[in-house]
Amino acid sequence: MRCFVAALAALALASCSDGGTDVTVATTPPISAPATTGVTNGAVATDAIISPPTGAEPAEPAGSATAGPTTAIASTPLGDPVVQLVQTDSATNPVDVAVRPGDSTLFVVQQGGQVIARRADTVDTVLDISDSIVAGGEQGLLGLAFHPTESFAYVNYTDRSGDTVIAEYAIDGNGVFDAGSARILLTIDQPYANHNGGEVLFGPDGMLYIGMGDGGAGGDPQRRALNLASPLGKILRIDVAPSDTAPYTIPADNPFVAVDGARGEIWSIGLRNPWRMSFDRATGDLWIADVGQNEWEEIDVAWAAGGGGRGMNFGWSAWEGNHRFNDDQLAEGATPPIFEYDHGDGCSVSGGVRYRGAAIPALIGWYVYSDYCSGQVRALKIEGQAVAKDLTLGQAASIAAVNEGPDGELLVLSLDGPILAVTPG
C-alpha cells in the first residue's frame, strides 16, 4: 500500500543517464535524486540538491487546470524538446491550479483549504474552507474546476467526517467565491483516509468529470473498483444542473444508467487512485495518471474517437498496470495503460497534460507528467496511439501535479511550495 502522507519511505535512487529512451515496451529511464529548479533536461543548473524524503510509506499526492489557446501540432520534426524549470511563484501545499476562460488569473488550490488568486500585482484568498475540511495525507481541498460558461466553481474536498464532497460556489467577476452560496452536489463515503482521488474537471461536452480512488487501504480489499454499485475506483460524469430530485443530473448517455444496481454517475471503472486527469484540448482525449500499488505506475488514455472512456474498464484491481493483481477479479475486458513504469523508477505518478502551448514547439503533442517520489518531470512522445519515446525534462521535489496555466503553458506544482514554469531551455 502506498499512501499520500507527509513522509515517504526511504528511497534508494541511483543516479543514471537522463537521456531519452526509444520505447518499444512500457519502460522509463532510471532516475536520480530530486534537485532544485533551474534544470535543463536533467542537467542540474544549481548545486543545491534535495535529498529524497524519508518516512514510513511512499506518498501519493492528492488536483485541475484547463485550457489556454489551442496551438496547431508541429508538422515537421523538431528534435527532442529542451526545457528548464523556473520557479515563478509559491504557495502553501499547492495541489492544483485552475483557470477561467478569458481570465489571466491563476487560481491555486492549497491542500489546507484555500484557493488563492494570483494576478500580475496581487495575491488574494478567494475561498477559505479550512474550518470545514480535514487536511493532511491524502485529504484536504484537492481539486477545482470553473464552469466553462457560467459563473460557478466546483471543488473537491474531504469533509470533517473524512468523506469526499463535490460542492458548487457562485463566483463574481473577479473570481471571488460567495461562501454563502455553497451547494453540495455529491457526498461520497470514504472507508479509509487514502485513495480519495481529487480531480474535478469539465469535459469538452460540458459535463463535470470526477476522479474517485478505490476508497483506500491496500489492494482494493472490498473490491470496489470493479463494483458498479460503488462510486469508488471510478470516473464519474454528471451534469451540474439540478434535476427534479437531486442537486445534479445524471446524463442519459452515461453507460450504466439502465443497469440494475449500478450507480448511474459512473463513466469509467477499474481505477486505483486517478489523482490527476486532463483533457487534451486539441483532440478531446482524456489522459489519466493512476497511482499504482506495490510495483507499477500507469498512465491511461480514453481516446475521444473511442468514446472518451464511456464504459471503459481500466483494469484495477484485476490488474496493476499490465500485470495480474487480484486473481478473484475478472481479467477480461480491461483496457491496458498506454504506459507504465516500475518502482525502480519512482512511485506515485503525478499527471499530467498533453502540451498544446506555443513557447516550446518541440514539446507540442508530448504528454508531460511527473512522479512524486523521484521528483522527475518526464514527457512521452505520442505517435498515433502509442508511446514512441520517454524523455526526462528535469527534476524538482515532491511534485503533486503538472497543469496548464492561463496561457496554455505548463506549471509544475511542488507540495513543498514552489510553482515552477516549464520554459524553453
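For K389 and E383, the salt-bridge test fails: no basic side-chain N is under 4.0 Å from an acidic carboxylate O. Using a cutoff of 4.0 Å between basic side-chain nitrogens and carboxylate oxygens, D89 and R118 are scored as salt-bridged. Salt bridge status for D214 with K234: absent, with no side-chain N to carboxylate O gap under 4.0 Å. By the 4.0 Å N-to-carboxylate-O rule, D345 lies too far from R378 to be salt-bridged with it. The existence of a salt bridge linking D80 and K381 is excluded, since no basic side-chain nitrogen approaches an acidic carboxylate oxygen closer than 4.0 Å.
Every side-chain contact (heavy atoms from CB on, under 4.5 Å) that D300 has, sequence neighbours left out, goes to L271, I288, D290, E298, F314, P337.
Considering V200, D239, L186 in turn, V200 is the only one that fulfils the side-chain contact (heavy atoms from CB on, under 4.5 Å) rule with L208. In summary, of the residues considered (L391, D390, V353, L393), a side-chain contact (heavy atoms from CB on, under 4.5 Å) with W366 occurs for L391 alone.
Note on ring orientation: taking the six-membered ring where Trp is involved, the planes of F202 and Y154 are perpendicular (angle over 60°, cut-offs 30° and 60°).
Side-chain atoms of E297 and H343 form a donor-acceptor pair, as typed in the model, at a separation below 3.5 Å. Using modelled atom types, one finds a donor on one side chain and an acceptor on the other under 3.5 Å when comparing Q222 with Y192. Judged purely by distance below 3.5 Å, without hydrogens or angles, the side chains of R237 and Y209 pair a donor atom with an acceptor atom. In this structure, a donor-acceptor pair under 3.5 Å is present between the side chains of Q190 and T164. The closest side-chain donor-acceptor pair between T105 and D103 falls under 3.5 angstrom. Counted by atom type alone, D280 and T283 present one or more donor-acceptor pairs between their side chains at under 3.5 Å.
What you find for L286 and I235 is that their closest heavy atoms are CD2-CD1, 4.0 Å. Closest heavy-atom contact between A358 and E409: N-OE2, 2.9 Å. The nearest pair of heavy atoms linking V402 to V412 is CG2-CG2, 4.3 Å. Here the shortest heavy-atom pairing between A400 and P94 reads CB-O, 3.9 Å. For the residue pair I360 and Y355, the shortest heavy atom distance occurs at N-OH, 3.1 Å. Between R183 and P247, the closest heavy-atom pair is NH1-O, 2.6 Å.
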Quiz item: After noting the C-alpha distance and the side-chain angles of R119 and D124, does the key distance pass the salt bridge (Lys or Arg N to Asp or Glu O under 4.0 Å) rule?
Solution: CA-CA 8 Å; R119 301 178 176 89; D124 301 305; 3.2 Å; yes
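The ring of Y341 has its center no closer than 6.0 angstrom to the ring center of W296.
Judged by distance alone, with hydrogens and angles left aside, the side-chain atoms of T392 form no donor-acceptor pair with the main-chain N or O of G394 at under 3.5 Å. Under the 3.5 Å distance criterion, the side-chain polar atoms of N194 are matched with a main-chain donor or acceptor of A217.
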